[in-house]
Amino acid sequence: MPKKVTKAIFPVAGLGTRFLPATKSVPKEIMTLVDRPLVQYAIDEARAAGIKEFIFVTSRGKSALEDYFDHNPILEQELRKKGKDDLLDTLKATNMDSGAIAYIRQHRALGLGHAVWCARRLIGNEPFAVILPDDVIAAEKPCLQQMVEAYAETGGNMVAAMEVPPEKASAYGVLDVSEDMGSIVSVKGMVEKPKADEAPSNLAVIGRYILSPSVLTHLNKIKSGAGGEIQLTDAIAADIGTENNVFGYRFRGQRFDCGSKAGFLQATVAFALARDDLRDDLARYLSEISHVGKAAE
Ligand code: G1P
């Protein structure tokens, strides 16, 4: 049975330029789907999967993230005084235990692989998870929890995977499948952002990983790959055929690409429709405007 996964890396150093001007002063990960920051969804998913240590790889301008996870005694006192217990509970659920969260700075934007490598000393010689908060996954059982359960059977390395339209494959890491076992596939190759006609399949890597520490060893040596960046995909691929083989996991759930405006808006609507306090009004509004849209056609 493989070792338990208790540590997760959250790479959050990106500039978020696609969301300028908002991201001029607000880290992208603090932007909200309804009323919860993107990063809160990632933390909740990690917790559900049994993660106990949370490692954020940050950069300049991300200090709002540290404040977000800190206790806010003044606000808590105010809510307590006013008897707003529900809000107090909501607030307290965002606090992290002392020592459970660590921040490491990535000083230069050298790619996702490099960001993960920056956390190597905090990982040591244990398997670890990586969660990209841009990829938000709505699922009955949280995606990383599904993966932890599958990983207990396979060990090695596991990446979340999803079929994408073939013309979109070049935006992702793409798997070359050796054996398809349904939800789990074994992998004989991985290519980061392949050219349109060179993708080995349309099974794309989504931002959830359970990795063996050997990937960190590969990252020590790996040269820059696609886009001139040090790619996590290349370091994982270096483990193929070793005792830490690589598996793709087709998760059950809906993934939103919150790194894009369209994906972010879709996620906002989907999460709002899932809320009892918002569903009816929003559904009515959406049906009204879609009628207006149809009339205009
Ligand atoms: C990253 C990874 C890529 C993966 C994608 C999933 O790319 O490098 O392999 O498919 O996340 O969202 P990025 O979207 O950061 O360019």
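Position 1 is the first residue of the sequence; numbering continues from there. Note that ligands are numbered from 1 as they come in the structure, with each ligand's atoms numbered from 1 the same way.
- The proximity of Asp134 to ligand 1, defined as any non-hydrogen pair under 4.0 Å, does not occur for either the backbone or the side chain.
- Tested against Glu126, the residues Lys7, Lys3, Arg120 include a single salt bridge (Lys or Arg N to Asp or Glu O under 4.0 Å) partner, Lys7.
- Within the 4.0 Å heavy-atom shell around ligand 1 one does not find Glu229.
- A salt bridge is absent between Asp89 and Lys92: the closest approach of a Lys/Arg side-chain nitrogen to an acidic carboxylate oxygen does not fall below 4.0 angstrom.
- In plain terms, the two heavy atoms of Pro194 and Ala169 that are nearest each other are CD-O, 3.9 Å.
- The N/O atoms of Tyr172, backbone and side chain alike, include none that comes under 3.5 Å of an N/O atom in ligand 1.
- Residue Met190 does not touch ligand 1, judged by heavy-atom distances below 4.0 Å.
- A cation-pi arrangement is present between Arg36 and Tyr41, with the terminal nitrogen or guanidinium carbon under 6.0 Å from the aromatic centre and inside a 45° cone about the axis.
- When Arg208, Gln231, Glu192, Lys193 are ranked by how near their heavy atoms come to atom 9 (O) of ligand 1, first place goes to Glu192.
- For the residue pair His114 and Glu229, no side-chain donor N or O sits within less than 3.5 Å of a side-chain acceptor on the partner.
- For ligand 1, one of its N or O atoms has an N or O atom of Gly173 under 3.5 Å away.
- Nearest to atom 4 (C) of ligand 1 among the protein's heavy atoms is Val205 O, 3.4 Å.
- Close approach of ligand 1 to Thr233 is summarised as follows: ligand atoms under 4.0 Å from at least one heavy atom of the residue are 9 (O).
- Grouping the Ile, Leu, Val, Met, Phe, Trp and Tyr side chains by contacts below 4.5 angstrom, directly or via other members, places Val191 apart from Met162.
- Considering Phe128, Tyr209, Tyr103, Phe56 in turn, Phe56 is the only one that fulfils the ring-ring contact (aromatic ring centres under 6.0 Å, His included) rule with Phe10.
- Put simply, no part of Leu232 is less than 4.0 Å from ligand 1, judged by heavy atoms.
- The residues Asp234 and Lys223 are annotated as not salt-bridged, no charged nitrogen and carboxylate oxygen being separated by less than 4.0 angstrom.
- Shown here, atom 14 (O) of ligand 1 is out of close reach of the protein: none of its heavy atoms lies under 4.0 Å off.
- With ligand atoms numbered from 1 in the order given, ligand 1 contributes 12 (O) to contacts under 4.0 Å with heavy atoms of Arg255.
- Every atom of ligand 1 is numbered from 1 in the order shown, and the set under 4.0 Å from a heavy atom of Asp135 is 6 (C), 12 (O).
- Annotation: Leu112 places no N or O atom under 3.5 Å from an N or O atom of ligand 1; distance criterion only.
- Judged by distance alone, the side chains of Asn157 and Ser212 never bring a donor and an acceptor atom under 3.5 Å apart.
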